[in-house]
Amino acid sequence: MCAKTLRLFHENRKPASLRGRSFKRPNPGRYVEISDDERRPKKKHHKHNGMNGSMPNGKHVSSKKINGLVNGTTVVHMDDEPDAAPVASSSKFADIQRQRTNLPIARGKEALLNEFREYDVTVLLGETGSGKTTQVPQYLLESGIAAEGMIAVTQPRKVAATSLANRVAAEQNSRVGSVVGYAVRFDERSSADTRIKYLTDGMIFRELMSDPMLSKYSIIIVDEAHERSLRTDLLIANLKTIQQRRNASSEGKGKGKEKERLKIIIMSATLDAEKFAKFFSGSKVIYVQGRQHPVTIYHSAQSQVDYVDSAMRTFFQIHTDQPPGDVLIFLPGQEDIESLEKSIRLYASQLPPDQQEVLICPMYASQAAGQNAKVFNTTPSNTRKCILATNIAETSITIPGVKYVIDTGKCKEKRYLAKNTGGGFDTLMTRDITKSSAMQRAGRAGREGPGFCFRLYTEDSFKNMSLSAEPEIMRCGLTSPMLQLKCLGQQLETLDLMDRPDMDSMIAALKTLFLIGALDQSGEITQLGRDMAMFPLEPVHSRAVLASKEYGCTSEVLTIIAILSASSNLFVDNSDQRDAVAESRRKFKHASGDHLTILNVVRAYRDVALSENKSGRREWCRKHFLNERALLEANDIREQLQQTCERLKLDWKASCGERDEPVIQSLGHGLVMNTAFLQPDGTYKQAMGQSTVKIHPSSVLCDKKVPTIVYNEVVYTNQIYARTVSVISKSFLAGLGALKTTSDRPALD
DNA sequence: GTACGATGA
């Protein structure tokens, strides 16, 4: 390959437009197309001499320019004014209203409303941000279709729910929390006046527990349904039966009962529409045309084995040949981001001095928040920003100024491997992205003007990609959803889902729930199980909290569980400074293992928090390689858990002082199936399963050869590793029945 | 002898 010219990109002959090509309408007669006739005129592309140029490593790359629009829309820029003044000055308000009427969806307003009036379920197709998510709820409210009920708009992510509510409140010239409100975990703004409520799908699923018919709402809009998040799938399944019951009971009761009826609107990207339409028989599919700046897509001519190296070469090709504009590179994970950062730095330092500077911004969820925020800083003059990001930049965060996207075509995906013993493993594997993901990534180049996307895979690879990701419910552990459904009197096994998970995963979840006492032998939920479902935690964790009552150590257990269930890791890890990280961790080390080590860290942080200000605390965390975000989030979680404890009459202040046994034994009640005993070769054999696990090298117990262990989770990489490990006494395990043979347990299948 | 895609309650 080194001798001959590497032709990286080739011409993509047809525009990758969705309309009429990739997207086939299953039944054209059922569709209403609402589009603007005079589409935004395509701007003439800046004429340049193709993409020819020599790369820093001497390799020659060439390709031709093509035209092509990626896919719909994105006209409303949610990030523009997330905190617009509640009562805007008249000119600003007029400006907002002008923007509203300029949206493509505005022209179809009356046609849309007619469909909403007529059909109980509508599937509304169009890209995220086309205006449908902000406008449709307002149209429904203003037209009176919602009657006296509320309109719920569900979102898979918290930031989306809050920023949408802010935007729509501004459009209604009101303050968030009055007519337009939102509800996400740890943050709610709504009042008796609230008619449009943006909330996370997890939030509305929780509401089912106290209001199984969701009677407050007359219209429920499920947005981003194509993402098929676990909670969206569960919500959709429930909405179907709720609607059947509500609309059946409101028949023949006259007009006054109109608000009891429920209307459902499913909003999705254009792929996969038929599945939703099929699931809701009698639904109407509506297609909303959107618009976006054109994005020119290049595919590589040959498949690229080393995508990090290709990304580096492509970046410099853009940097040396192309007009200003920031570059966004999609990579699967932190490791690749770090290695690409190094090589770009190395080559950038060798560029001739008349070249623009390169500013590299790595971006991934586990990175410190301050580092991630750097992408939003304005780029210094004579500098090109190069953002190296994971999937976080695909949906969650929108970065302004991006004109070029480099797409490696890879992402990481978690998968749960069910074991018939109850506990399974999570694995994280790098895999090819899907078509919808590829289009979403390309679309990131066309938010502010015409853009370019370089795909480091061939056009054939693109064609062979699956349409959209496998629904989350098919690839994750099910103990928590199964328990919540049991609480609602439902069975995951028989629920009318769009996709049903494997039997193995469901059996594993049933066994786990039985072993921790949430279900009895016949699979019925126990009182203990109902108490467990009250906590916003994984059942194995809520079991530990409940067990702490007998041991008088709820305070300690809550602290540990809050950290374990925070979304980011407490210990930051940086491959360069591994030794320093290990050294600093030793200061907090507790002989019994990682759980009490965590407790030591939180206690130390609390002491620091008493004497230091915000920056002092941050500095202390940085010095000790601790993720302050995890500590802050855990603090919020702990407060929420305390409230749940109060409802259950559980004294959350109960403390066992410096004793460690009570804490570990409480955890043991929840993590029964996550126990193992030492074998002669130094590995551990699971007490409840056949697998052999090793203690993860990051554990304080690694190489300590303690006889029996309890651990928070297993991750399968090259080997099966137990993470967050503590010593547990053998007699305690025997008492739990964890060392008995599997034949003692009743058959659950 | 070493993992860390993204979410959510």
Side-chain angles (χ1 to χ4, degrees), chain A residues 154-161 183-188 199-209 224 227-235 330-338 363-367 389-397 408 410-415 426-433 437 440 469 472 475-476 480-481 483-484 532-539 541-542 562 565-575 578-579 581-582 627 630 633 636-637 640-641 643-644 682-683 694-699 702-703 713-724:
Chain A
T154 74
Q155 293 293 323
R157 284 170 289 280
K158 298 203 282 190
V159 276
V184 300
R185 190 181 187 186
F186 306 132
D187 191 7
E188 172 158 11
L199 29 63
T200 46
D201 44 19
M203 220 44 190
I204 201 166
F205 193 72
R206 274 272 157 186
E207 282 186 17
L208 279 173
M209 295 232 185
E224 312 285 10
E227 290 187 18
R228 303 294 308 278
S229 78
L230 172 67
R231 289 160 296 273
T232 296
D233 273 15
L234 293 174
L235 175 65
F330 283 102
L331 293 145
Q334 183 179 348
E335 193 183 346
D336 289 331
I337 288 174
E338 283 172 354
M363 180 139 175
Y364 45 90
S366 59
Q367 188 178 233
T390 59
N391 264 354
I392 193 171
E394 195 178 299
T395 49
S396 309
I397 288 176
T408 59
K410 301 285 177 191
C411 68
K412 287 193 179 183
E413 198 176 77
K414 203 177 208 176
R415 181 162 287 277
D426 277 330
T427 59
L428 197 61
M429 47 203 262
T430 303
R431 54 172 296 172
D432 290 340
I433 59 170
S437 185
Q440 179 71 29
E472 192 185 3
R475 4 173 290 256
C476 63
S480 182
L483 182 64
Q484 282 177 316
M532 284 164 52
M534 296 276 287
F535 287 94
L537 292 172
E538 287 297 316
H541 288 156
S542 39
S565 58
S567 54
S568 38
N569 275 336
L570 175 60
F571 300 108
V572 292
D573 211 338
N574 186 321
S575 42
R578 226 161 235 179
D579 292 339
V581 172
N627 184 349
E633 189 188 341
D636 286 341
I637 294 172
Q640 203 182 22
L641 298 179
Q643 290 169 17
T644 311
T683 65
K694 278 188 164 179
I695 295 181
H696 197 277
S698 66
S699 169
C702 187
D703 293 333
E713 59 181 351
V714 269
V715 288
Y716 176 65
T717 53
N718 297 321
Q719 302 189 59
I720 304 170
Y721 285 107
R723 278 169 49 170
T724 316

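First the proteins, then the strands, lettered A, B, ... as listed; each starts at 1. All values below come from the heavy atoms of this structure, side chains included, with hydrogens, waters and symmetry mates left out.
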Select base, sugar-phosphate, or nothing to describe what [X] touches, counting heavy atoms under 4.0 Å on all strands.
X	answer
A:Arg415	nothing
A:Arg157	sugar-phosphate
A:Glu713	nothing
A:Asp201	nothing
A:Met203	sugar-phosphate
A:Lys694	nothing
A:Tyr721	sugar-phosphate
A:Leu428	base
A:Ser229	nothing

Rounded distance in Å - [atom1] ([X]) to [atom2] ([N]):
X	N	atom1	atom2	value
A:Glu413	B:dA3	CD	P	19 Å
A:Phe205	B:dG8	CZ	C1'	12 Å
A:Leu199	B:dT7	CG	P	19 Å
A:Leu537	B:dG8	CG	P	16 Å
A:Leu331	B:dC4	CG	C1'	15 Å
A:Asp703	B:dG1	CG	P	9 Å
A:Gln484	B:dA9	CD	P	12 Å
A:Glu394	B:dA6	CD	P	12 Å

Test A:Thr395 against A:Gln440 for side chain to side chain donor-acceptor pair (under 3.5 Å), laying out the working first. CA-CA 8 Å; A:Thr395 49; A:Gln440 179 71 29; over 6 Å; no
So, A:Glu227 and A:Arg157, do they make that salt bridge, N to O below 4.0 Å? yes
Electrostatic pair A:Arg415:A:Asp426 at N-O distance under 4.0 angstrom: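 Salt bridge: no.
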Under a plain distance cut-off of 3.5 Å, with no hydrogens placed, do A:Ser567 and A:Glu633 share a side-chain donor-acceptor pair?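 A:Ser567 and A:Glu633 do have a side-chain donor-acceptor pair below 3.5 Å.
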Any donor-acceptor pair under 3.5 Å linking the side chain of A:Glu472 with the backbone of A:Ser229? no
